[in-house]
Number of protein chains: 2
Amino acid sequence: MNEEKKDLSERKKLILKAIIDAHIENGEPVGSKFLTQNKQIAYSSATIRNEMAELEEMGFLEQPHTSAGRIPSELGYRFYVDSLVDRYNLTQNELAELKRLVLNKQTELDTILQNAMRLAAKLTNYTAMALRPRMLRITVDRYELMRLDEYTLVLIMVIGQTIQTRHVRSQIPVPAEVGMQLAKVLNECAAEKTAEEITMPLLMHMERQMGEYEFLVSPVIKSICETITGYDGGEIRFEGINRLLSYPEYYDMDRLKEMLALFERKEDLVKILSEEAGQIGPGSEQVQIFIGRENLVKIMDNSTLVFKTIKRQGTPVGAIGIIGPTRMDYKRVIAMIDTLTSGVTNVLDDGTPPAFTNDQDPVTGKE
Amino acid sequence: MNEEKKDLSERKKLILKAIIDAHIENGEPVGSKFLTQNKQIAYSSATIRNEMAELEEMGFLEQPHTSAGRIPSELGYRFYVDSLVDRYNLTQNELAELKRLVLNKQTELDTILQNAMRLAAKLTNYTAMALRPRMLRITVDRYELMRLDEYTLVLIMVIGQTIQTRHVRSQIPVPAEVGMQLAKVLNECAAEKTAEEITMPLLMHMERQMGEYEFLVSPVIKSICETITGYDGGEIRFEGINRLLSYPEYYDMDRLKEMLALFERKEDLVKILSEEAGQIGPGSEQVQIFIGRENLVKIMDNSTLVFKTIKRQGTPVGAIGIIGPTRMDYKRVIAMIDTLTSGVTNVLDDGTPPAFTNDQDPVTGKE
DNA sequence: ATTTAGCACTCGAACATGAACAGTGCTAAA
DNA sequence: TTTAGCACTGTTCATGTTCGAGTGCTAAAT
């Protein structure tokens, strides 16, 4: 994929990398003269200018206006993250924080995701995102019913490794045996079934089995279907939205407004990201990076999303991501997300605290 | 409470109200000439100017700069909401939306709060807030244990009307009987106890009762304590943060930044608001309004918080609020929050759909 | 064939200027 | 007690000016 880009001369690569590094550092367009300060670049400003003009021609750079320096284009960033970006080694401090997170050994998926998201936001100082993706065939493995009081039952549903509960209220007292009976019926008829597979005939069959308490069936089934569809719909949360304001690219009100509006379009985001996160294959093994208006969320003009899937026994159960300006500190963010998600995946699988070393390139997967 | 403010002449009240109404309408300082267009005010601009000067003297108005009109001060708004603001009658449409919410008959407190918050944000076009307040003496009423698989138990805790679950993992297989045994021990020893009341001797006592499976006790108790302290710590959520940007007062980056930072200081907010929401007495019966830097959250310079407690069987279990510029449409917001919270409270208590009429003044409680 | 120095050019940022305007406070008359 | 009139003040907006950074191009140098 980056083979075809190898047609960039080494000198062009050097200059492009220097420009992007500098731009990430200070956020301003970088000019030819500035680059001559870079020890690695032993050419005059005029030479650099010529190279820059060519790089612009090729689409890697752009010029805000005639008499300004150059800034990287989205294509430029793409090339940068694919083949130019340095490896970042997490500091001892950062490693320690990550370790503390997984040693905490939470087992509730939601809690884990939330904590991981918080930590990601804190460590990177960008906005963090936690996704519980949509899933295709959500079914309840098992039902339990618990009597809260005479009139109230609690329906407990085991979905994969997680538990969902719902209250069921009756107008007349429900004896304990009826609750057990209902649980039995549910487990016989409604377990391992998707919302679509719970049909009217099935419901009527269950009602018949419940005798005089048949009136309980319909509301319970309604609750079940709501829960299933609510759960397989996925969920997305954000943390550290205010951190956006640390970066000058969001000082533009319109852009900011768009971003905040985006954050509230949770259904859309869940849908789009679930498709990315749910992919089987090498894609979901690695950190994924979406720069600017590259495919998915069109609105993210000047923003980049870096995220990686979290798995439990091989299937994706979540994703943690970072959202920030295209001009973000890619090397740190990539390293952070990669280590974080790997750590969480490990813990989910077997509770083993992971190694926490920077062992392989999180994007290309090599060495 | 507003008796002592009655020393304002009727004319001053008229003018003050007109100024605030106008300012709420268009957001700009209002001048003397503009007010002469108001049919109710049959004085010349000069007279109005004199009155305005006096009102400023008294602290109800302020002047951004010498040659501008007047804007209401926080004191002015306070007086306005206490004694000047009109009653707002919800439109048929609004009433219908509220009705739909409660007819939905959710029974999960969290879901109800979340839906109510969403609706509040949508109907008012301000940022909405949902609070589950801190509580003093949270205890688990009952424990249940469910076997997920050989190595995993699910601990189910009944706290008041709500259910909390936690996973418990064991290194070696746990037979079903052991789970039941553990549940029995928990119900005997750890029910109705706050986190502080579960002491080391008690823990050791439980361990002794569990025989060779004593290793389960410690992690379970840890989970329980975490859950209790997590739960009684309360929770706060927001919806529609981007709506802030509809209002020019948040076009100032610094202010906006402060607001967003405030939204992320959830612990502090929960603490402060819980104290307000949890008060027994008339305070929590009514819509509460905090204007600008009035007590609590100091940072809310140009913002107002309007909120009201939601109760179940007389005790506060939540609160719904609206956050917006001090220049907010008080009459609509107050009416909305009042009707919404009353409706939800009703449903929580007995499932009765409430009347949905504007029957009494939500702030002063009279007539 | 490359690289570099030099120079004219362009454009935006920052600042100053001045007119138009809205709204005030004050005074004197009604 | 109210009102008309007027001088005064501060904001906003359009316009103009300067300054400097950075460019592209050309011609000389390597």
Inset, instruction - Go along nucleotides 10-21 of chain D 5' to 3' and tag each nucleotide: B for a protein heavy atom under 4.0 Å from its base, S when only backbone or sugar atoms are that close, - otherwise. - result: BS---------B
Inset, instruction - Report the end-to-end axis angle of the helix from dA1(C)-dT30(D) to dA30(C)-dT1(D); each axis comes from five terminal pairs, and the value is rounded to 10°. - result: 20°
Legend entry - Residue-level proximity of residues 39-51 of chain B to DNA chain D when a heavy atom falls under 4.0 Å: Tyr43(B), Ser44(B), Ala46(B), Thr47(B), Arg49(B), Asn50(B)
Inset, instruction - Apply the salt bridge (charged side-chain N to carboxylate O under 4.0 Å, His left out) test between Arg70(B) and each candidate in Glu51(B), Glu28(B), Glu57(B), Glu56(B); give the one that qualifies. - result: Glu56(B)
Inset, instruction - For Asn50(B), check side chain to side chain contact (heavy atoms under 4.5 Å, CB included) against everything at least two apart and list the hits. - result: none
Inset, instruction - Examine dG22(D): is either OP1 or OP2 under 4.0 Å from a nitrogen or oxygen in the side chain of Arg70(A)? Give yes or no. - result: no
Legend entry - Value in whole Å for how far the C1' atom of dG22(D) lies from CD of Glu62(A): 17 Å
Inset, instruction - Kindly indicate whether the side chain of Arg255(A), heavy atoms from C-beta on, has any atom under 4.5 Å from the side chain of Asn302(A). - result: yes
Legend entry - For Lys17(B), salt bridge (charged side-chain N to carboxylate O under 4.0 Å, His left out) partners two or more places apart: Asp21(B), Asp86(B)
Legend entry - DNA chain D-proximal residues of residues 29-36 of chain A, any heavy atom under 4.0 Å: Gly31(A), Ser32(A)
Inset, instruction - Rounded off to whole Å, could you give me the CG-to-P distance for the Leu55(B) and dT24(C) pair? - result: 13 Å
Legend entry - Note: Glu94(B)-Arg332(B) ion pair, threshold 4.0 Å (strictly below): yes
